Amino acid sequence: MSFLDTPVGGAFRALQDDDHHLGPMQRITGTMRCFRDDEEVDYLVVGVGSAGGVLCQRLARGGFKVVGMEAGRFWDSERDWVSDEAGSHGLYWEDPRVIGGTDPLTLGANNCGKGVGGGSVHWAAFAPRFHPSDFEVYTRDGVGADWPISYQDLKPYYELLELEMPVAGPAWYPWGDPHGYAYGPHPMGEVGNTLIRGCTKLGIGVSVGGPVAILSGSRGDRAHCIYRGFCIQACKVGAKASTLITHVPDALVHGAEVRDRCMAARIELGKNNRVAGVHYFDREGKARFQRAKAVIVSGYAIETPRLLLNSACPEYPQGLANSSGTVGKYLMAQAGNVIAGRFDELIRMYKAPPAHCLTEEFYETDPKRDFARGFAIQTVGPLPIAFAKQMMAAKGVWGWGLRRTMMDYNHWCALGLLGEILPWEDNAVTISATDKDQFGLPVAHVTFNLHDNDKKLIAYGKNVVMDVMCAAGAEEVVQESRCAHLVGAARMGSDPATSVVDGFGRTHDIANLFVCDGSVMPTQGSANPGLTIQALAARTADYLISQGTAIFNTDRRDMTPPPVRRELSPPGTHGDGVPRLK
Amino acid sequence: MLRRKPLLPILGLLLVGALLYRPRRRPTARRVFVEGMEAVAAHIREGRFQRGLSLVAGLSSILAGADVASEHYRGSYNQKIMWSPVVLSGAMTVAGVWGAFSTWAARTVLRWTSLATLIDGVVGFGFHIRGIARKPGGWRLPVANIIMGPPIFAPLLFGVAAYLGLVASYLRPEESPVIDPRTKAARLRDFLLRRPPPAWRVELREGRFQKHLAAVTMLSTFFSGFEALYSHYKTNFKYKAQWTPVIMTPLLMGAAGASMKSARVARTWLPGLSLLAMLNGGVGFFYHMRGVLRRPGGLKQLPYNLIYGPPAFAPLLFAACGFYGVLASLMRRETD
Amino acid sequence: MESDPARLPVDAEGKPLVPRPQPGYYPKFSTLSQQAFWDAATRTVVLQRVTAPPPVRFFTAPEAEIIQRVIEHVLPQDDRVPERQIPILPFIDERLFAGRTPGYRFEDMPPDGEAYRLFLRAVDLMALEAHGAQFLRLPWHEADVLLQSVHDGKPSGAQDIWKKLPVKHFWTIMMGDCVEAYYAHPWAWDEIGFGGPAYPRAYFRLEGGAPEPWESHERHYAWDLPPGCVSGEHEAEAAHTDTPTHGETGSH
Ligand SMILES: Cc1cc2nc3c(=O)[nH]c(=O)nc-3n(C[C@H](O)[C@H](O)[C@H](O)COP(=O)(O)OP(=O)(O)OC[C@H]3O[C@@H](n4cnc5c(N)ncnc54)[C@H](O)[C@@H]3O)c2cc1C
Ligand code: SF4
């Protein structure tokens, strides 16, 4: 009886130590280096999220003096995170923002993170690569834009990050550039089984058990997944990769400072068209200024353009590095419709990580359809509050109708559409004329409109997902429109007139100002962006390291591709896992 | 020395046993078969089955290797040591097959490979215990963490197969004379060192280790049955048949345990229950394979379903325990 | 509060179901009974929610009375015995008091606190216009119908206020706040059979909707909407009609 009723030795108690925990075993040991404000650091990275975490780690290993400035907290997973939906709001950026347009993006829990690790703390951790076609959408389909880099440029970094996170997945992944995963796939929950059933019935291929940046076997001092389904509430287990646990500890070991609870307010333009540092508000809300030889903005597709726009100065009246007028424009989100099906049998979709099975069968442009580009279908696992909200939107239920639907929560299964929305100039982040945040800084105003191609794609895609759900045996299928994954808004390109940064993330306007996060993406495919964001960060870091001090004292723009530095990976990256098939 | 008749009940339960003493006159295929069985039984009784057992150890290592390879793939080979049983089971296969053809290989290659594999199993057991301890909640959540952590007794079960190889290395090949069990070299050495061969070696060589093997049967049944218990519990005993290995386990363990005390049990209950266990394992294998095919995606997701469906080899490992029991019942007792 | 039999869900014969401590199809299930298996941080947060709901500080007493009544319509709990009804108002109030946003404000919406106050004025005005009485004085059914019109995005009155307060957006925010409080409560988890916090101990029966040993099997029984209730099922909202409201919950 006893050990079924309580844990051996009684209830789990609060921690008695003062250690900084990142999961049940991992800890941050040693003291962090601290730089003075007037000390000119080499790189100041604004935002220690998906991209920022990787950058700090790489640059610190490369021997630079690095400060990562993060608006949110430096999480202690055992004390700060809870295994509870309503208790996890602190993970998301819920500072005020204004939204508008014909299809306003309700940001909420559905955008960037706040705190060290950023969005990688609460992502579902689907980690597919982009397809080669994603880098040349304009050339192939005459819509969107081309990237200044190709899939081949990024491929070594995909391979690297897939080991660093690491990404678990099938031994063979057939879509895009076919490849295999070195870490074995995950077991299925019933949502994944539903996707497999539906797809198999319709003759659609599925990728089972990944690719997802969650450990299927324990590695080092990280335990493997315990299938608790709270990924979006942050993984207390340490199984799901976030830069907080994969890269930031190594950054600290190599002398980087992560300055948490410090909000960058404005980037200062100094002499000779070079930035001199960043004005910020520290933990006590005091305005301070950190000097830096170069600044990298990694604040997410909303906060990055906001910071650049808020840094307007006489030389750049439309916003820093915005001589092209493109900062904030071409913001993208992916169509993230949730399709829910009610089954006679029990599903219990709260079990297993939301991300565990997907198909990219519809990813590429198909001339038989009347729209460009495509979509993916993925498992999701909304917990009760999220599901109640989805049902309100999908079925229009309220009152007793809502209660009744929710009483059947365990009979519902949810699948996500992930559709490519093209970059449009009118989808933009601007600065709100009216609203200010707690520091008195103007907040972001996010305008979003769906265009013709997007609407056709969504209409088609959601029908496919509904067909899959029906084929799996659902007797009632409903859907909720939503969007996910904001990127763009400071896009890269080879033409300074139509883009903000070059292929390495350096702003066209200012030689020592960089942008490195999801905002540099010219298009986004229908793969979740997280892996690509981190791969881009690793590539930018390799570039910066190979440039040495040239970044700090010349304006020369050397575009030679850097060598891939595998040796910069965090410890324990190489040598484990199974040999990758390709 | 060879006071006893072949052990009837065993072969009886083999469904051919009924034929053993009956129509002696008819020189048929059946008769050839029966005589073959008798010869095998005699070989076992006398410890002259090195080649056979080497082959069994070698071939069963293929199973064990496939099992551990797929289990460790689920764990992504996140530690290099996870490769060791995979490599060793390959080595065991080679050594076992080689040992079947060469007495020299059986006495050297197979012996040392088996020993290494056995040690690897014990070390692996330690790692699996540690693995459970390192899961969230560790040993304070024994139920959840044994079920979801590394399979606790799997390494020991793996070691049992190696133990067979070790035993084989001490046996005599089938063609050796019934009596003088010692080899020339051993005789020479014994002469030079002026010491008799240790008793356990003589016993092994002469097939007098029934109690010993019964104990092994008991242990391995426990390891295998425990795994059946928690993995069937994991699926909530959805099918009644999932109880059968769980129920069989204490029975077979009991019979094996009692065999260490009683020669009678060793000739009656032990073979009977062992054969049942083999049957159960066979049927279980069939159902597990059916379960694999019935998973979502079925054949289209075969590799995945093999890894994450009902473990194909687990029932066979349970059957192997039955096999050890049968073998034990065919042996002579240590005191014989 | 005494429950009016006409407001109770009914069984197969249309007879009102007696209020229970725990409605839903998992009668014996209790997530709170598993709290020893939760980590301390989570246990603190959840128990705080259960034992000490925050005080009402944002709404004035008369406002609180109206909003409480609205909540009883939009998320009715008459099937729960009074001492097991889940507090909702305190959690909405707390958010507004602390000035926490859900992370956005629609450009055509006032800030949330102001929006709630406008809404309270609107329902009273609608009640006055249609029935000549304050909202709180309306009979149950009439209040239901009034709120249904708000849900439908076609409020039956107070058009001047609704010009400043886009009705669909407001409805989404208010309902979001309500479910955020209700389905955050362990009693609601018990009702719907959700396993609740799951760390350090998690799940091992992932497939086939099987319950963990400590979870319950589902026991379905006839349960139907209270007769005459208007908040039943509705046509699924077609995507991209007039004002599509995009989901704000994170998923993948
Ligand atoms: C619910 C959900 C599920 C998701 N699931 C997936 C998935 O399965 N797969 C996938 O690939 N992607 C997923 N994503 C998307 C993914 O999380 C993001 O695309 C990614 O994290 C963005 O990385 P980033 O570096 O651009 O920004 P972030 O990781 O968000 O980092 C930005 C950081 O900068 C900080 N910051 C911003 N402004 C300032 C400032 N002024 N001063 C100081 N600090 C600042 C922020 O606090 C934040 O920590 C998901 C997102 C959500 C919301
Ligand atoms: S399901 Fe796995 S990855 Fe997700 S939070 Fe739980 S343990 Fe972490």
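First the proteins, then the strands, lettered A, B, ... as listed; each starts at 1. These numbers come from a predicted model, not from an experiment.
Looking at A:E345, there are no atoms closer than 4.5 Å to chain C (heavy atoms on both sides), in backbone or side chain. Both the backbone and the side chain of C:L147 come within less than 4.5 Å of a heavy atom of chain A. Within the 4.5 angstrom heavy-atom criterion, only side-chain atoms of C:Y182, from C-beta onward, approach chain A. With a threshold of 4.5 angstrom between heavy atoms, A:D95 approaches chain C through N, CA, C or O but not through any side-chain atom. Looking at A:L402, both its backbone and its side chain come within 4.5 Å of chain C, counting heavy atoms on both sides. In this structure, chain A has a heavy atom under 4.5 Å from the side chain of C:R49, while its backbone stays farther away. Using a 4.5 Å cut-off between heavy atoms, C:E212 touches chain A through backbone and side chain atoms alike. In this structure, the portions of A:R403 lying under 4.5 Å from any heavy atom of chain C include both its backbone and its side chain. Of the atoms belonging to A:D80, not a single heavy atom falls under 4.5 Å from chain C. Both the backbone and the side chain of A:V98 come within contact range of chain C, judged by heavy atoms closer than 4.5 Å. With a 4.5 angstrom heavy-atom cutoff, A:Q334 does not touch chain C via any of its atoms. Of the two parts of A:H445, only the side chain, counted from C-beta on, holds a non-hydrogen atom closer than 4.5 Å to a non-hydrogen atom of chain C. Contacts of C:W189 with chain A are made by side-chain atoms alone, with heavy-atom separations under 4.5 Å and no backbone atom involved. Using a 4.5 Å cut-off between heavy atoms, A:T434 touches chain C through its side chain atoms alone. In this structure, chain C has no heavy atom under 4.5 Å from any part of A:L358. C:A188 does not touch chain A: none of its heavy atoms, backbone or side chain, sits under 4.5 Å away. Proximity to chain C (any heavy atom under 4.5 Å) is restricted, for A:V338, to the side chain, taken from C-beta onward. Proximity to chain A (any heavy atom under 4.5 Å) is shown, for C:V74, by both the backbone and the side chain. Of the atoms belonging to C:P211, heavy atoms from both backbone and side chain fall under 4.5 Å from chain A.
Side-chain atoms of A:R348 and C:E215, non-hydrogen and from C-beta on, do get closer than 4.5 Å to each other. Between A:D408 and C:Y25, some side-chain heavy-atom pair lies under the 4.5 Å cut-off. A:W400 places a side-chain heavy atom less than 4.5 Å from the side chain of C:D78.
Using bins of under 30°, 30° to 60° and over 60° for the plane-to-plane angle, the ring pair C:Y203/A:Y350 lands in the perpendicular bin.
Judged purely by atom type and a 3.5 angstrom limit, A:R228 has no side-chain atom pairing as donor or acceptor with the backbone of C:A202. Counting only distance, with no hydrogens or angles, the side chain of A:K351 and the backbone of C:G195 share no donor-acceptor pair below 3.5 Å. Looking at C:H151, its side chain does come within 3.5 Å of a backbone N or O of A:G396 through a donor-acceptor pair. When atom types are taken as modelled, the side chain of C:T42 and the backbone of A:S83 share a donor-acceptor pair closer than 3.5 angstrom. Counting only distance, with no hydrogens or angles, the side chain of C:R105 and the backbone of A:P96 share no donor-acceptor pair below 3.5 Å. Judged by distance alone, with hydrogens and angles left aside, the side-chain atoms of A:E85 form no donor-acceptor pair with the main-chain N or O of C:A184 at under 3.5 Å.
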> Can you list the steps and then say if A:F12 with C:R43 is a side chain to side chain contact (heavy atoms under 4.5 Å, CB included)?
Replying inline: CA-CA 9 Å; A:F12 291 105; C:R43 196 182 316 123; 4.1 Å; yes

>> Walk me through whether C:Y199 and A:E78 qualify under side chain to side chain contact (heavy atoms under 4.5 Å, CB included).
In response: CA-CA 10 Å; C:Y199 173 82; A:E78 290 281 322; 2.5 Å; yes

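Donor-acceptor pairing under 3.5 Å is recorded for the side chains of C:E207 and A:N193. One side chain, A:N410 or C:Y26, offers a donor N or O that lies under 3.5 Å from an acceptor on the other.
Considering every non-hydrogen atom in both C:I192 and A:M406, the closest pair reads CG2-O, 3.0 Å.
Between A:E94 and C:R95 there is no salt bridge, since no side-chain N of the basic residue sits under 4.0 Å from a carboxylate O of the acidic one.
Counting heavy-atom pairs under 4.5 Å between each of C:D144, C:D39, C:V46 and chain A puts C:D39 at the top.
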